[in-house]
Amino acid sequence: MKFLLTFLIFFIPLLAKSNLPISFEENGLYGFKNKSGKVIIKPQYQHVMDFTKELVSFVVSDNKWVCIDTKNKILLETFVYDNGPDYYSEKLARFVENGKFGFFDSHCKKQIPASYDFVFPFENGFSIVCNGCKLQPEDEHSRIVGGKYGAINKTGKLVIPIQYEQIDSIDAKKKTANVTNNKTKITINFK
């Protein structure tokens, strides 16, 4: 019995991975086939990444990184970081919708609505967010300029109001933050 259980624990993930759609290229565009070789998503993307165990893939469509499911439904548009989809930080990554930023999980399910002009990756349970700020291109990168800053927790609750010129650091254990307000650096407490 122990052998059967051990076998299943190791074999099932391998079986699941072998059933994932496989990318292929045709005339400079990419699509996906099932393991039998049947086309399930016709070639239409400029670039694709493999499907994950959550059955989602990141693809380039109309020069944007989007997340699709195995039925080719676009689930969201990801924020582009290092020429690809945003990295997960604390199991969440950033997406863009109508010019605003939010967060999604590994299933490409939106977890925190897109309601900020920019959001930074989560760190120690918090994300610094801003409104009124803009991405300003600088060579091949961009920087954030202007706006007011606050912070949210992983449920999307605003824990530091969006009213500061800058948030330098957040101490999650002490529930304090070093912020700049009216060009003066201060330490605040938050709940």
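Keep in mind it's a predicted model, so treat the numbers as computed, not measured.
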Is there a donor-acceptor pair closer than 3.5 Å between any side-chain N or O of [X] and the backbone N or O of [Y]?
X     : Y      : value
Gln44 : Lys42  : yes
Ser89 : Pro121 : no
Asp82 : Gly84  : no

Residues passing the side chain to side chain contact (heavy atoms under 4.5 Å, CB included) test with Ile186, sequence neighbours excluded, are Val179, Asn181, Thr184, Ile188

State plainly whether one hydrophobic cluster holds both [X] and [Y], where clusters connect Ile, Leu, Val, Met, Phe, Trp and Tyr through side-chain heavy atoms under 4.5 angstrom apart.
X      : Y      : result
Ile128 : Leu158 : yes
Ile160 : Ile144 : yes
Val56  : Val66  : no
Ile167 : Leu135 : yes
Ile112 : Tyr81  : yes

task = Might you work through the side-chain contact (heavy atoms from CB on, under 4.5 Å) test for Val96 and Thr78, ending with a clear yes or no?
result = CA-CA 6 Å; Val96 181; Thr78 69; over 6 Å; no

Checking Glu97 against Lys110 for the salt bridge (charged side-chain N to carboxylate O under 4.0 Å, His left out) test, could you report, in this order, the C-alpha distance in whole Å, the side-chain angles of both residues, the deciding distance, and whether it holds? CA-CA 11 Å; Glu97 185 174 83; Lys110 298 172 185 174; 2.3 Å; yes

Going by chain and number, the hydrophobic cluster around Val39 (ILVMFWY, side chain to side chain under 4.5 Å) further includes Phe24

What is the minimum heavy-atom distance between [X] and [Y], and which atoms define it?
X      : Y      : result
His107 : Leu75  : O-CD1, 4.1 Å
Tyr88  : Asp105 : OH-O, 3.5 Å
Arg94  : Val119 : NH1-O, 3.0 Å
Ala151 : Ile170 : CB-CD1, 3.8 Å
Ile22  : Asn34  : CD1-O, 4.4 Å

If you look only at distance, which donor and acceptor atoms sit under 3.5 Å apart when one is on a side chain in residues 57-65 and the other is two or more places apart or in another chain?
unit_1	atom_1	unit_2	atom_2	d
Ser57	OG	Met49	O	2.5
Asn63	OD1	Gln46	NE2	3.1
Trp65	NE1	Asn83	O	3.4

I'd like to check the salt bridge (Lys or Arg N to Asp or Glu O under 4.0 Å) partners of [X]; sequence neighbours left out, ordered by chain and number.
X      : result
Lys185 : Asp168
Asp69  : none
Lys100 : Asp117

Is any side-chain heavy atom of [Y] closer than 4.5 Å to one of [X]?
X      : Y      : result
Ile152 : Tyr116 : yes
Leu92  : Gln111 : yes
Ile41  : Pro21  : no
Val48  : Phe32  : yes

Contacts of Ser36 meeting side-chain hydrogen bond (donor to acceptor under 3.5 Å, both in side chains) (sequence neighbours excluded), chain-then-number -> none

side-chain hydrogen bond (donor to acceptor under 3.5 Å, both in side chains) filter on Ser169, not counting sequence neighbours, yields Asn178

Taking atom [atom1] of [X] and atom [atom2] of [Y], what is their separation to the nearest 0.5 Å?
X      : Y      : atom1 : atom2 : result
Leu55  : Asn19  : CG    : CG    : 9.5 Å
Lys73  : Leu76  : NZ    : CG    : 10.5 Å
Lys71  : Ile68  : NZ    : CD1   : 12.5 Å
Thr180 : Glu165 : OG1   : CD    : 6.5 Å
Lys91  : Phe103 : NZ    : CZ    : 16.0 Å
Ser127 : Glu90  : OG    : CD    : 9.5 Å

Write out all pairs satisfying disulfide (SG to SG under 2.5 Å) with one or both partners inside [range], taking only residues at least two apart or from two chains.
range            : answer
residues 115-191 : Cys130-Cys133
residues 144-187 : none
residues 27-70   : Cys67-Cys108

Residues pairing under ring pair (Phe, Tyr, Trp, His ring centres under 6.0 Å) where one sits in residues 126-154, two or more places apart or in two chains, turn out to be Phe126-Phe190

| message | In terms of relative ring orientation, are Phe120 and Phe118 parallel, tilted or perpendicular, with 30° and 60° separating the classes? | response | perpendicular

So does Glu54 have more than 12 non-hydrogen atoms from other groups sitting under 6.0 Å from CD? yes

| message | In this structure, is the centre-to-centre distance between the rings of Phe79 and Phe95 below 6.0 Å? | response | no

